[in-house]
Enquirer: 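One structure, as structure tokens, below. Some questions next.
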Protein chains: 2
Amino acid sequence: MKIGDLARKTGLATSKIRFYERIGLLKTVDRRPNGYRTYPPQAVMILGLITTAQRAGFALDEIRVLLPSDLAHWDHTALMDALTRKVADIEALQARLAQSKIHLLHLIEDIQARPADMDCATNAHRVLTNIITEPPEDLTVTSDDIRLLDKTDRRQSVNSGPRKKAALP
Amino acid sequence: MKIGDLARKTGLATSKIRFYERIGLLKTVDRRPNGYRTYPPQAVMILGLITTAQRAGFALDEIRVLLPSDLAHWDHTALMDALTRKVADIEALQARLAQSKIHLLHLIEDIQARPADMDCATNAHRVLTNIITEPPEDLTVTSDDIRLLDKTDRRQSVNSGPRKKAALP
DNA sequence: GCTAACGTTGAACATAAGTTCAACGTCAAG
DNA sequence: CTTGACGTTGAACTTATGTTCAACGTTAGC
């Protein structure tokens, strides 16, 4: 299979496929005498797997160390560990998001709750003081790998994306 | 107030304060005859506000257009709009996170649910097929500005962080 | 044998939010 | 008057995930 075919079958740009090869993520590639890359049918599944893992929040580096060269032989322990850690990461992020949301909702309410006898400037000062004075919760997330919702997801939907790169730019 | 003092009072690096000025985010700065920057006391609150907004998920670009030159005079409508949109963004992200988490938990369960009579390779194939075959939900988030939990948050906690840059590198 | 479509490479660019560095100027204390 | 702390600048670097480009080679169809 040539790179163009693989691109069509996976919905990924050829530049992305070459990039994955360059960073050592996609190793199942050979060369024809003319220099063209050639892929086994398996490559489709590998790329699908990479895409899925990415959408689940794994960085390419993480995927690289988890992906076995042979899809039938995984490092079971490392995989389960990684999955479990990723779930924990997501939960941490969820907690932080919930906090941010609460914070924003409080703020909205606070702004609207201006006492009738208070002018805007004074209200602004009141609200500002509240914001800054808010509890200094240290919700710092310590895990190193939260990359859910990267631009990838906003620009291009891999599963349902166009087979051919949209003609525009 | 010189930049070092401001850095101490806000807990931000001087490089960050200069950077904010460069991108037009922090405009309340003057120069002494010797070239030194000098800040009004208000600058502390402005920087606190920027930091808080960032932690709530606002990009510096968004903050820039919302921040009035005079803290007493906000564009009330634009502000409320932005806050409301940000809450919606967070909710979209929450939905996506919940999906990712479900996906991962299913996967974990699926891996562990290997039929007793199935060898690992076959199980791997079964699980892989399940993964890739999963519904192609297009949870693509359309909003342009989800930057909660950037490295900032993992490297440095602004509210409770060290006043002086932690000496390490 | 021409042309369009496809393939190759390396390098540069993009984004966001900064940090780091070198080379230099200023200031306060002893 | 020297020393150390602080200030200035512009440019380059960082991270992660790619895209874009120019210049060139290959192949398939007509």
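Note: hydrogens, waters and symmetry copies are ignored here, and every other heavy atom, side chains too, is used. Not measured: the values here are computed from a predicted model. Below, read A as the first sequence line, B as the second, and so on, with proteins coming before strands; counting in each chain starts at 1.
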Enquirer: Once you round it to whole Å, what is the distance between P of C:dA16 and CZ of B:Phe19?
Expert: 10 Å

Enquirer: If only side-chain N and O atoms of A:Arg37 are considered, is one of them under 4.0 Å from the OP1 or OP2 phosphate oxygen of C:dG7?
Expert: no

Enquirer: Once you round it to whole Å, what is the distance between C1' of C:dC27 and CD1 of B:Ile3?
Expert: 17 Å

Enquirer: Separation of B:Asp61 atom CG from C:dA17 atom C1', in whole Å?
Expert: 10 Å

Enquirer: Sequence neighbours excluded, which residues qualify as side chain to side chain contact (heavy atoms under 4.5 Å, CB included) partners of B:Gln112?
Expert: A:Met80, B:Ile108

Enquirer: Between D:dT8 and B:Tyr36, is there an OP1 or OP2 to side-chain N/O distance shorter than 4.0 Å?
Expert: no

Enquirer: For A:Ile23, which contact category applies under a 4.0 Å heavy-atom criterion: base, sugar-phosphate, or nothing?
Expert: nothing

Enquirer: Think B:Arg32 has a side-chain N or O under 4.0 angstrom from the OP1 or OP2 of D:dC6?
Expert: no

Enquirer: Please give me every residue in residues 39-47 of chain B whose heavy atoms get under 4.0 Å of an atom in DNA chain C, ordered by residue number.
Expert: none

Enquirer: List, one per line, each side-chain donor-acceptor pair under 3.5 Å for residues 63-74 of chain A, sequence neighbours excluded.
Expert:
from: A:Arg64; atom 1: NE; to: A:Ile23; atom 2: O; distance (Å): 3.1
from: A:Arg64; atom 1: NH2; to: A:Asp61; atom 2: OD1; distance (Å): 2.4
from: A:Asp70; atom 1: OD1; to: A:Ala72; atom 2: N; distance (Å): 2.8
from: A:Trp74; atom 1: NE1; to: A:Leu71; atom 2: O; distance (Å): 2.7

Enquirer: Report the distance from atom CZ of B:Arg31 to atom P of D:dG7, rounded to the nearest whole Å.
Expert: 12 Å

Enquirer: Is the terminal nitrogen or CZ of B:Lys2 (NZ for Lys, CZ for Arg) located under 6.0 angstrom from the six-membered ring centre of B:Tyr39 and within 45° of that ring's axis?
Expert: no

Enquirer: For the side chain of A:Lys2, starting at C-beta, report the closest nucleotide among C:dG7, D:dT17, C:dG18.
Expert: C:dG7

Enquirer: Answer yes or no: is there an ion pair linking B:Arg114 with B:Asp119, defined by an N-O contact shorter than 4.0 Å?
Expert: no

Enquirer: Same cluster or not: are A:Leu105 and A:Leu128 linked, directly or through other Ile, Leu, Val, Met, Phe, Trp or Tyr residues, by side-chain heavy atoms under 4.5 angstrom apart?
Expert: yes

Enquirer: Between D:dA16 atom C1' and A:Tyr20 atom OH, what is the distance in whole Å?
Expert: 11 Å

Enquirer: CD1 of B:Ile50 versus P of C:dA16: gap in Å, rounded?
Expert: 17 Å

Enquirer: Would you sort out whether B:Lys27 and B:Glu21 count as a salt bridge (charged side-chain N to carboxylate O under 4.0 Å, His left out), showing the intermediate values?
Expert: CA-CA 6 Å; B:Lys27 293 191 253 276; B:Glu21 178 186 347; over 6 Å; no

Enquirer: Taking the nucleotide of DNA chain D with the closest heavy atom to each, which residue, A:Asn34 or A:Thr14, is nearer the 5' end?
Expert: A:Thr14

Enquirer: How many Å lie between CG on A:Leu6 and P on C:dC6, as a whole number?
Expert: 15 Å

Enquirer: How is A:Arg18 classified with respect to the nucleic acid when contacts are heavy atoms under 4.0 Å: base, sugar-phosphate, or nothing?
Expert: base

Enquirer: Any side-chain N or O of A:Arg22 below 4.0 angstrom from OP1/OP2 of D:dA16?
Expert: no

Enquirer: Check the distance between D:dG7's C1' and B:Ile17's CD1 and give it to me in whole angstrom.
Expert: 13 Å

Enquirer: Any chance the side chains of B:Asp81 and B:Thr84 put a donor and an acceptor closer than 3.5 Å?
Expert: no

